[in-house]
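Computed from a prediction, not measured in an experiment: that's the story for all the values here. All chains are named by letter (A, B, ...) in the order of the sequence lines, taking the proteins before the strands, and each is independently numbered beginning at 1.
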Number of protein chains: 4
Amino acid sequence: MNFASDNTTGASPEIIDAITAANDGQTMPYGNDDYTAKVGDRIRDIFETDAEVFLVATGSAANALALSTMTSSYGAVLCHWLSHIYEDECGAPEFYSGGAKLIPLDGDGAKIDPVKLKKYAGRGVGDVHMVQPMATSITQITEMGTVYSADEVGAISEICKTHDLKLHMDGARFANGLTQLECSPAEITWKAGVDVLSFGASKNGALTSEAVVFFDKSMAREFEFRRKRGGHLFSKMRLLSCQMEAYLTDDLWLKNAGHANAMGQRLKRGLTGIPGIDFPTANNANMLFPHMSRALIDALHADGFKFYDDRWGDDIVRLVTAFNTPESDVDAFIEAARRHAG
Amino acid sequence: MNFASDNTTGASPEIIDAITAANDGQTMPYGNDDYTAKVGDRIRDIFETDAEVFLVATGSAANALALSTMTSSYGAVLCHWLSHIYEDECGAPEFYSGGAKLIPLDGDGAKIDPVKLKKYAGRGVGDVHMVQPMATSITQITEMGTVYSADEVGAISEICKTHDLKLHMDGARFANGLTQLECSPAEITWKAGVDVLSFGASKNGALTSEAVVFFDKSMAREFEFRRKRGGHLFSKMRLLSCQMEAYLTDDLWLKNAGHANAMGQRLKRGLTGIPGIDFPTANNANMLFPHMSRALIDALHADGFKFYDDRWGDDIVRLVTAFNTPESDVDAFIEAARRHAG
Amino acid sequence: MNFASDNTTGASPEIIDAITAANDGQTMPYGNDDYTAKVGDRIRDIFETDAEVFLVATGSAANALALSTMTSSYGAVLCHWLSHIYEDECGAPEFYSGGAKLIPLDGDGAKIDPVKLKKYAGRGVGDVHMVQPMATSITQITEMGTVYSADEVGAISEICKTHDLKLHMDGARFANGLTQLECSPAEITWKAGVDVLSFGASKNGALTSEAVVFFDKSMAREFEFRRKRGGHLFSKMRLLSCQMEAYLTDDLWLKNAGHANAMGQRLKRGLTGIPGIDFPTANNANMLFPHMSRALIDALHADGFKFYDDRWGDDIVRLVTAFNTPESDVDAFIEAARRHAG
Amino acid sequence: MNFASDNTTGASPEIIDAITAANDGQTMPYGNDDYTAKVGDRIRDIFETDAEVFLVATGSAANALALSTMTSSYGAVLCHWLSHIYEDECGAPEFYSGGAKLIPLDGDGAKIDPVKLKKYAGRGVGDVHMVQPMATSITQITEMGTVYSADEVGAISEICKTHDLKLHMDGARFANGLTQLECSPAEITWKAGVDVLSFGASKNGALTSEAVVFFDKSMAREFEFRRKRGGHLFSKMRLLSCQMEAYLTDDLWLKNAGHANAMGQRLKRGLTGIPGIDFPTANNANMLFPHMSRALIDALHADGFKFYDDRWGDDIVRLVTAFNTPESDVDAFIEAARRHAG
């Protein structure tokens with residue numbers, strides 16, 4: 001019973017079937033195949049716009065490669081202190097950009113505070129002594145499980161536009177956010193001002209497939225060279241594209257995210273009110289960050305429940321539900337928590 | 001009927017089965033799983049030594065990451081003009097090393113001429129104006145389909161040792177070389193002086209799985225950080241490790257390479273003696289570089305045979321056989337060539 | 001009457017005389033000359049230890065090159081939000097280190113708060129997802145004109161040692177700090193745990209000469225290659241070394257700093273008590289950061305006094321005195337401030 | 001009596017006088033001073049065009065920074081095997097460009113063979129596996145002392161334009177070339193197709209001052225940020241600009257180069273015909289590369305003449321004359337060579 005992350009599971013059966021099916025026959029390598037062409041069209045359909053689409057295998061590659069086309073080496077990328085790009089990629093954005101500076105900002109629930117963004121967005125522009133703000137990156141859903149509304153994305157985009165910054169969205173869990181919001185993929189991305197989206201699938205039912213979606217096509221020009229140079233151009237690209245294709249077929253991606261979110265909310269409801277558990281942060285999707293007593297954490301770990309408790313301080317734990325988390329696991333967790341707390 | 005490359009095919013059925021099987025259940029992410037632990041042991045067994053083993057998804061990532069641990073940014077890597085790292089990776093080694101210089105050397109059949117190597121191995125050492133030679137990289141089998149014998153590797157290693165250079169082997173087609181030689185994996189690698197091996201599987205029956213094998217474990221220290229920083233650490237690592245595991249089980253890797261080589265040699269025998277075809281370069285494994293008349297090239301292309309003819313000049317074509325090239329395809333090619341030449 | 005910075009002046013006459021004298025005759029280039037050998041010895045004498053010494057022309061080069069030998073590309077350098085390396089070098093440390101991350105910390109008066117340092121010094125060590133803390137950099141005197149005591153440096157060094165971090169001191173205004181403290185150059189550097197010092201002269205009487213002093217000689221190995229690779233190895237090196245030599249002769253460096261500090265303190269005494277002026281930050285050397293009313297700032301600017309007022313917020317201005325600031329300029333400033341305030 | 005290089009001397013007296021004069025008074029730092037503005041105008045006058053001009057202190061910085069604005073990190077720079085940027089800058093261009101590849105070409109007398117250039121200029125364009133040719137760099141005068149005529153530069157420029165490559169000229173010894181040619185500065189640079197010039201002064205009478213001249217101003221945009229980021233923006237910039245100003249006043253630069261070249265030619269005439277000395281390469285300016293017997297080399301070294309003999313193979317030596325080489329030194333060398341050969 002694993003609530004550690006949504007990457008501890010395998011893939012949806014549909015994804016595995018797609019890999020098996022795509023294995024037959026000969027195709028030209030390096031993305032010059034029908035699977036890859038088709039998945040690009042599919043994503044353009046879903047987002048209702050003529051975007052450029054590229055596939056890579058990991059979220060860190062998607063983010064770092066995307067950002068490397070959005071900033072010069074002497075640029076700055078504004079992001080949240082808790083963002084994956086700042087905290088969890090061992091400096092991949094700095095590496096791919098040739099040493100751009102990620103400037104960490106505050107904000108509740110891992111969402112960038114627009115006031116802070118405004119302060120840094122125009123800071124030092126034209127001053128040769130200072131790195132030049134060139135891009136902002138937000139995460140949807142955030143690393144704390146919160147969701148940016150279309151209005152919130154729009155407000156951030158306004159600031160970016162005023163200061164000529166590009167806007168990147170790290171959508172490693174994009175489907176989880178979309179499921180929570182009442183809006184279309186287009187409305188929460190390019191219509192709200194997002195220029196480039198890292199569109200993740202690996203955490204939501206695929207094995208390893210992420211798309212980088214350039215709504216601003218001017219920035220796509222360099223991507224292919226940078227992807228190859230980064231060792232991220234797969235010879236047997238159909239392995240990535242067939243996963244993404246299956247992911248987007250028959251709303252698998254939305255069904256998977258819907259289940260994960262439902263399990264997250266079920267877990268939250270079940271834990272709410274148990275003595276010794278409270279939720280200092282509002283969380284909306286498939287990641288919860290409750291506060292628990294140390295004794296309770298230890299007891300749940302002893303029961304065999306896997307989850308992280310060592311990073312958010314003050315006995316805050318992280319509980320993540322996935323596309324295939326069984327309802328029974330959720331209920332077992334709630335029941336155990338109630339028992340230990342009782 | 002595709003002789004363009006050994007990456008135009010899918011994977012061996014055993015590999016697909018392994019992916020399907022590995023999909024079940026929960027494992028800890030990022031390589032902290034049993035599949036990955038097991039594949040490391042398997043590779044240590046095969047190479048009969050206590051190497052450090054890391055998995056990545058592409059050959060360019062394997063080479064560039066390996067080399068980035070073998071040279072400083074102000075270092076030089078000696079390689080052949082025709083090597084994949086020099087020609088075909090869009091500068092990935094320069095990128096990962098922070099701008100080290102790849103110094104291109106001559107040599108027949110894409111094998112480094114030891115005389116040239118000797119000249120550059122000690123050049124400029126200690127001279128602050130010059131990049132410092134730090135590593136040599138050879139390819140087994142080479143980009144021209146030739147094979148380094150253990151003695152030849154040993155001779156290159158001697159020069160490297162004399163000048164304190166590390167020795168890297170790009171083994172994207174390592175199995176094809178091994179099949180051709182009468183020696184063990186250990187004899188053609190660390191016993192001959194190789195420090196780090198890029199051990200490829202993707203071109204020989206896997207979809208996407210390459211191992212970096214550190215015989216010199218002192219250089220492995222940095223690899224894990226560099227891999228993550230490059231976006232090459234897979235959350236669902238078992239996808240890579242299960243492929244490699246299946247690849248090494250029941251000698252699948254050797255059987256696959258044996259077939260590819262046999263088809264290559266069958267093709268060579270069949271083409272030899274046909275008027276208008278000659279073999280200016282000796283080729284030993286699954287890649288042939290015959291010279292053909294332009295008319296013959298055009299006629300074969302018109303027949304639907306796929307192969308590259310635009311890169312080696314002077315109507316030299318490249319014919320590659322793969323682990324699953326049907327004998328009938330080979331025979332059809334020979335028959336067509338004979339017919340057009342007749 | 002310029003209080004904008006200590007780099008708006010020329011050099012001490014002794015420095016100019018040294019350049020003129022050093023111009024005669026032939027010497028071998030690139031630092032293989034007697035001037036350079038001698039200045040190394042001089043610095044070793046002053047610091048009473050067998051350090052390695054290298055000269056460069058700018059403070060940014062000194063800092064960035066020094067740090068590039070103290071961190072890997074996947075490392076982190078802990079520093080203050082207001083530090084020159086974080087704010088004012090357009091990302092030079094990130095560039096020279098291949099994309100290491102500078103993690104900005106808080107602390108009063110631009111001095112790193114040891115509590116914050118402790119929190120980050122061991123954070124993420126061994127975790128492949130996170131950049132690895134490798135160095136700390138402090139500035140003496142700080143960018144706010146405050147001074148680290150030997151005990152304070154020692155306390156920071158203790159934390160660094162505990163976590164295996166190297167300690168760098170940006171001493172662009174080192175002489176101003178030393179003059180303020182009752183300790184020897186050795187006591188405030190290597191005896192307090194500093195591994196590498198950027199020892200500045202350009203702001204205190206030289207035109208362009210900075211030394212990088214490696215107390216930890218193990219890190220000096222790479223410096224020469226990195227300096228050349230950065231374009232910072234001067235063919236006519238004697239230009240840099242003769243300035244440094246003159247700077248250190250007959251205590252010129254201490255006299256210059258003593259004068260700058262005396263003028264700074266005279267200015268502070270004179271301004272203290274004038275209505276509308278207060279000193280929210282304690283400043284100890286040649287840089288003051290008083291708060292003034294906007295009307296007073298404007299009036300002083302209108303009088304022709306040059307100083308910056310646009311960066312520290314809330315009508316905080318910066319007043320810098322230099323090695324050759326005339327007492328009469330200081331008194332004129334005080335008199336004008338008093339008049340406008342009256 | 002030093003024929004090792006033109007950087008073993010000090011500066012022309014006029015340069016020293018200029019430094020002394022520029023030392024007085026206060027100026028705003030970082031190039032925001034009248035000296036720097038004036039020297040830009042002066043260079044625009046000399047080149048008869050509205051170029052952007054930036055000053056740095058070393059030739060390696062000038063070249064590497066210039067090239068970093070002319071190529072992407074995934075680009076290639078075509079140059080000669082013997083060029084300073086390929087051989088003598090410890091990889092500075094690779095460093096500043098973020099790992100671009102310098103592709104070394106052949107050609108007599110260190111001049112790029114246009115046939116070779118043509119072959120590589122369009123190679124791999126649009127092929128994502130290959131670095132993309134983006135710039136060509138030629139040296140005037142070359143590292144072998146030869147001179148490109150305006151027609152030769154024009155022929156190279158034609159190839160560059162056809163393939164959309166930018167053209168850089170490393171003019172560390174530009175004045176020595178110009179003196180040899182019957183053309184204007186404009187004719188041998190932008191009128192012949194040069195986009196960016198490294199305009200050297202340090203080897204021809206200055207101490208340390210080099211200009212980067214952007215005839216193609218579109219590429220100048222990034223330069224200032226890259227210069228600061230590289231640690232090459234001097235606070236007391238007047239030190240560099242006053243040298244350049246004096247260098248260009250009253251034709252000092254042309255007089256200095258004229259003398260150096262005259263001494264070079266005097267030396268050549270004197271050595272020609274001496275048994276055991278021959279000139280396998282034509283050299284036109286102030287650098288000679290005669291072949292001598294080992295005995296003669298040793299004898300001249302024993303006499304105290306300084307020159308390099310260890311790099312061009314086969315007992316080829318390099319003899320360099322400078323702006324202030326006395327005629328008597330030249331005659332003494334000739335006399336000694338004649339005596340030993342006799």
Side-chain angles (χ1 to χ4, degrees), chain C residues 1-2 4-13 15-17 19-20 22-30 33 56-65 88-92 94-96 98 202-203 206-208 224-240 306 322, chain D residues 1-2 4-13 15-17 19-20 22-30 33 56-65 88-92 94-96 98 202-203 206-208 224-240 306 322:
Chain C
M1 284 171 302
N2 196 321
S5 184
D6 32 14
N7 59 24
T8 60
T9 78
S12 293
I15 301 283
I16 299 296
D17 291 348
I19 293 176
T20 306
N23 191 55
D24 285 336
Q26 305 244 341
T27 63
M28 290 310 282
Y30 299 113
D33 61 86
V56 294
T58 72
S60 294
N63 288 338
L65 281 165
D88 299 299
E89 302 185 351
C90 199
E94 287 92 338
F95 175 49
Y96 275 90
S202 306
K203 286 185 195 297
L207 278 177
T208 175
E224 292 188 83
F225 292 104
R226 292 186 179 276
R227 178 174 61 175
K228 173 64 198 174
R229 182 171 175 80
H232 287 289
L233 179 60
F234 279 44
S235 55
K236 299 182 178 176
M237 180 67 87
R238 52 178 149 171
L239 169 65
L240 301 188
K306 280 196 190 339
Chain D
M1 285 172 300
N2 195 320
S5 184
D6 32 14
N7 59 24
T8 60
T9 78
S12 292
I15 302 283
I16 299 296
D17 291 348
I19 293 176
T20 305
N23 192 54
D24 285 337
Q26 304 244 341
T27 64
M28 290 309 282
Y30 299 113
D33 61 85
V56 294
T58 72
S60 294
N63 289 337
L65 280 166
D88 299 298
E89 302 184 350
C90 199
E94 287 92 338
F95 174 48
Y96 276 91
S202 307
K203 286 183 193 300
L207 277 177
T208 175
E224 292 188 85
F225 292 104
R226 291 186 179 277
R227 177 174 59 175
K228 173 62 198 177
R229 184 171 173 79
H232 287 289
L233 178 61
F234 279 45
S235 56
K236 300 183 178 176
M237 180 68 86
R238 53 180 149 170
L239 169 65
L240 300 189
K306 280 197 190 338

Find the one option among [options] whose heavy-atom pairs under 4.5 Å with chain C are most numerous.
options: D:Ala57, D:Ser235, D:Ala61, D:Ala11; answer: D:Ala11
options: D:Cys90, D:Gly59, D:Gly25; answer: D:Cys90
options: D:Ser5, D:Ala322, D:Ala92; answer: D:Ala92

For chain D, the option from [options] that forms the most heavy-atom pairs under 4.5 Å:
options: C:Phe225, C:Phe234, C:Tyr30; value: C:Phe234
options: C:Leu65, C:Ile15, C:Ile16; value: C:Ile16
options: C:Thr27, C:Asp33, C:Asp88; value: C:Thr27
options: C:Asn7, C:Asn2, C:Asn63; value: C:Asn7
options: C:Thr20, C:Ile19, C:Thr208, C:Thr8; value: C:Thr8

I'd like to know if the side chain of [X] and the backbone of [Y] have a donor-acceptor N/O pair within less than 3.5 Å.
X: D:His232; Y: C:Thr58; result: no
X: D:Tyr96; Y: D:Gly91; result: no
X: D:Lys236; Y: C:Ala206; result: yes

Which answer fits [X], side chain, backbone, both or neither, if we ask what part of it has an atom under 4.5 Å from a heavy atom of chain D?
X: C:Arg238; result: side chain
X: C:Ala64; result: neither
X: C:Leu233; result: backbone
X: C:Thr9; result: both
X: C:Leu207; result: both

| query | In Å and rounded to the nearest 0.5 Å, what is the CZ to CD distance from D:Phe95 to D:Glu89? | reply | 13.0 Å
| Nearest-0.5 Å distance, NZ of residue D:Lys306 to CD of residue C:Gln26 | 9.5 Å
| field | For D:Arg227, all residues meeting side chain to side chain donor-acceptor pair (under 3.5 Å), sequence neighbours excluded | value |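 D:Arg227 satisfies side chain to side chain donor-acceptor pair (under 3.5 Å) with no residue once adjacent residues are dropped.
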| request: Apply side chain to side chain donor-acceptor pair (under 3.5 Å) to D:Lys228 and list each qualifying residue two or more places apart in sequence or on a separate chain. | output: C:Ser60
